[in-house]
Amino acid sequence: MLVFPLALAEYGHKFTIEGIMNNAVYADEHPMIKKAAEFGAEYVAPNAATWERQGGLGEEGIRPSAQAGLCGMLLARDLGGQGMSKTDMTHVTEELSKADMAYAFVIFVHNNLMNAIADKGTPEQKELYLPAMLSGDCLGAFLLTEGQSGSDATNVRTTARREDGGWVINGEKVWVSNAATAGLLSVYAQTDVSKGWRGIATFLVEADQPGVIRQTPYRMMGAHAIGVGGFRFEDCRVDESKVLLPPGEGFKGAMAGIELARANVAAMCCGIMASSLEVALTYCTERRAFGQRIADFQGLQWQLADVATDLHAARLMSYAALEAIDAGSPATIPAAHAKKFATRAAQNGVANCMQAMGADGYKHDYPLARHLACARMANYIDGTTEIQNVVISRELLRPYDKA
Ligand SMILES: Cc1cc2nc3c(=O)[nH]c(=O)nc-3n(C[C@H](O)[C@H](O)[C@H](O)COP(=O)(O)OP(=O)(O)OC[C@H]3O[C@@H](n4cnc5c(N)ncnc54)[C@H](O)[C@@H]3O)c2cc1C
């Protein structure tokens, strides 16, 4: 671990440069956080470039994560989980993100579905799906977005119609994280178009069952470890036991987890900023130009100091939102602020770290290009940056609208 000479002990460890870089204030709160940091450094970081090139995680999938205890983090211990708080789970995904935000997102999406099944699922659904998800043999995915409904998420046109005591699903889902290898799909489908969002229900659909057609994963700017792609459903029959959330509860269920997802993305952005800053500092203290270390140019120092400030602010915002979420307090606004701020901070911060490294920062020999693609991705996942502004503006104007 690097010891930063600028450490200001009088402000407490949390506010020292070392504390900001290593998130050290939290390091001893839950043993899984340290374990995730080690797993990230020893397994995720060395494999990330390969996943990026090959366009997915490959054969072993998330099993190594499961062995490290990273599947079922929010699940109660009697269900085989870690019984962690949402804050602690987010520290874990932040640590993974330092190695690869794409991998961290895979793990988050999977854990999120496990948590939904543990919370809302029937005893039969828990028994059927949780063991294989805990072992990493079955990867989970969340299927809300469609071609015509991204931000306008209630405009779901995939249909589920009742037939013979079960349901028949037809339609197409796009932008599905984990699509390349997912075994279990939580599918949001419209059961009665006249009811709008109240008609949306959520079904647990096995990806290898008849009527499910997996599409070729997308080629994107980056983040290929996520294996993002689409699914088509053609007369896909499921029985009543596959309903996770009945009509009326489906869309509410999707929105219930959105604050956690947004705060989590914000913390993952902190992870890629911290990693980029560390790489840039190491590089700039070794590289020489005009007879001196480039780190001794004040312009460059200030560029990196701004990244450290943004990282500090983004982390405080992320975990303030998490604190509210774990306390059961309203968190919509803090989560929207955190996601918007951290996304922008990561975009600028990673790019500035890259710039400080000259042309070398642009090479795939360093992780910054991967991190920058993930910072861009943060603008879309779990609601665009503009949608965070829609949420914040609505709240800003509320008192004036009443008058
Ligand atoms: C890597 C990746 C993984 C993803 N994984 C998943 C997943 O697992 N499951 C899933 O369901 N979805 C997933 N998504 C989809 C994601 O949730 C959507 O991309 C997002 O909701 C935005 O929808 P859209 O792309 O259709 O953009 P649109 O909604 O078409 O928006 C286009 C532009 O218009 C802006 N805009 C839209 N409405 C407003 C408004 N009211 N005010 C101001 N501006 C507005 C947007 O901000 C954006 O700039 C993923 C996306 C990516 C990139």
Side-chain angles (χ1 to χ4, degrees), residues 51-52 55-57 93 97 100-114 116 139-158 171-190 197 200 202-203 205 207 214-215 217-231 233 244-245 250-251 253-258 260-262 264-265 268-269 272 336 339-340 343-344 346-347 370-397:
W51 296 329
E52 187 56 43
L57 297 182
T93 48
S97 184
D100 188 27
M101 179 166 167
Y103 191 86
F105 194 62
V106 168
I107 297 302
F108 176 74
V109 170
H110 180 68
N111 274 278
N112 220 18
L113 179 55
M114 293 182 80
L139 180 64
F142 168 86
L143 290 77
L144 177 62
T145 302
E146 298 180 4
Q148 76 296 332
S149 68
S151 304
D152 185 8
T154 57
N155 188 21
V156 166
R157 291 193 196 153
T158 292
E172 185 153 357
K173 293 289 181 181
V174 299
W175 287 106
V176 180
S177 295
N178 297 349
T181 50
L184 185 64
L185 316 175
S186 63
V187 181
Y188 290 76
Q190 181 56 264
W197 68 263
I200 297 173
T202 314
F203 300 87
V205 178
R214 199 189 303 259
Q215 324 257 265
Y218 308 150
R219 290 304 297 170
M220 308 177 291
M221 179 181 174
H224 290 99
I226 305 177
V228 184
F231 283 92
F233 298 90
L244 177 64
L245 299 166
F251 191 71
M255 291 302 110
I258 202 77
L260 172 61
R262 288 175 180 167
N264 215 280
V265 171
M268 287 184 213
C269 285
I272 54 176
K339 182 173 185 279
K340 177 179 80 168
T343 298
R344 288 178 175 168
Q347 241 173 216
R370 274 193 295 107
H371 290 340
L372 190 58
C374 286
R376 282 294 313 153
M377 171 183 80
N379 274 297
Y380 314 112
I381 50 179
D382 297 309
T384 64
T385 303
E386 293 74 26
I387 290 300
Q388 308 316 308
N389 266 340
V390 170
V391 170
I392 295 163
S393 313
R394 196 185 297 141
E395 202 56 30
L396 274 180
L397 289 169

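Note that ligands are numbered from 1 as they come in the structure, with each ligand's atoms numbered from 1 the same way. Computed from a prediction, not measured in an experiment: that's the story for all the values here. Values below: all heavy atoms of this structure, side chains included; hydrogens, waters and symmetry mates excluded. When a residue number appears, it is its place in the shown sequence, counting from 1.
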Please tabulate, line by line, the atom pairs linking an N/O of ligand 1 to a protein N/O at a distance below 3.5 Å, with the distance in Å to 0.1, or answer 'none'.
unit_1: ligand 1; atom_1: 5 (N); unit_2: W175; atom_2: O; d: 3.2
unit_1: ligand 1; atom_1: 5 (N); unit_2: S177; atom_2: OG; d: 2.8
unit_1: ligand 1; atom_1: 8 (O); unit_2: S177; atom_2: N; d: 3.0
unit_1: ligand 1; atom_1: 8 (O); unit_2: S177; atom_2: OG; d: 3.3
unit_1: ligand 1; atom_1: 9 (N); unit_2: F142; atom_2: O; d: 2.8
unit_1: ligand 1; atom_1: 9 (N); unit_2: W175; atom_2: O; d: 3.4
unit_1: ligand 1; atom_1: 11 (O); unit_2: L144; atom_2: N; d: 3.1
unit_1: ligand 1; atom_1: 11 (O); unit_2: T145; atom_2: N; d: 2.8
unit_1: ligand 1; atom_1: 11 (O); unit_2: T145; atom_2: OG1; d: 3.0
unit_1: ligand 1; atom_1: 12 (N); unit_2: T145; atom_2: OG1; d: 2.7
unit_1: ligand 1; atom_1: 12 (N); unit_2: W175; atom_2: O; d: 3.2
unit_1: ligand 1; atom_1: 14 (N); unit_2: W175; atom_2: O; d: 3.4
unit_1: ligand 1; atom_1: 23 (O); unit_2: S151; atom_2: N; d: 3.3
unit_1: ligand 1; atom_1: 29 (O); unit_2: S151; atom_2: N; d: 2.9
unit_1: ligand 1; atom_1: 29 (O); unit_2: S151; atom_2: OG; d: 2.6
unit_1: ligand 1; atom_1: 47 (O); unit_2: T384; atom_2: OG1; d: 2.7
unit_1: ligand 1; atom_1: 47 (O); unit_2: E386; atom_2: OE1; d: 2.7
unit_1: ligand 1; atom_1: 49 (O); unit_2: E386; atom_2: OE1; d: 3.4

Between F231 and T158, does a side-chain contact (heavy atoms from CB on, under 4.5 Å) hold up when you go through it step by step?
CA-CA 11 Å; F231 283 92; T158 292; over 6 Å; no
Strictly by modelled atom types, are N379 and T343 linked by a side-chain donor-acceptor pair under 3.5 Å?
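There is no such pair between these side chains.
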Do Q190 and R157 have a side chain donor and acceptor closer than 3.5 Å?
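Judged by distance alone, the side chains do not pair up.
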For Y218 and V174: C-alpha separation, side-chain torsions, deciding distance, then whether side-chain contact (heavy atoms from CB on, under 4.5 Å) applies.
CA-CA 10 Å; Y218 308 150; V174 299; 3.4 Å; yes
Which is it for I258 and K339 under the side-chain contact (heavy atoms from CB on, under 4.5 Å) test, yes or no, and what are the steps along the way?
CA-CA 11 Å; I258 202 77; K339 182 173 185 279; over 6 Å; no
Just do the side-chain contact (heavy atoms from CB on, under 4.5 Å) check on F142 and D382 with the steps written out, would you?
CA-CA 11 Å; F142 168 86; D382 297 309; 5.6 Å; no
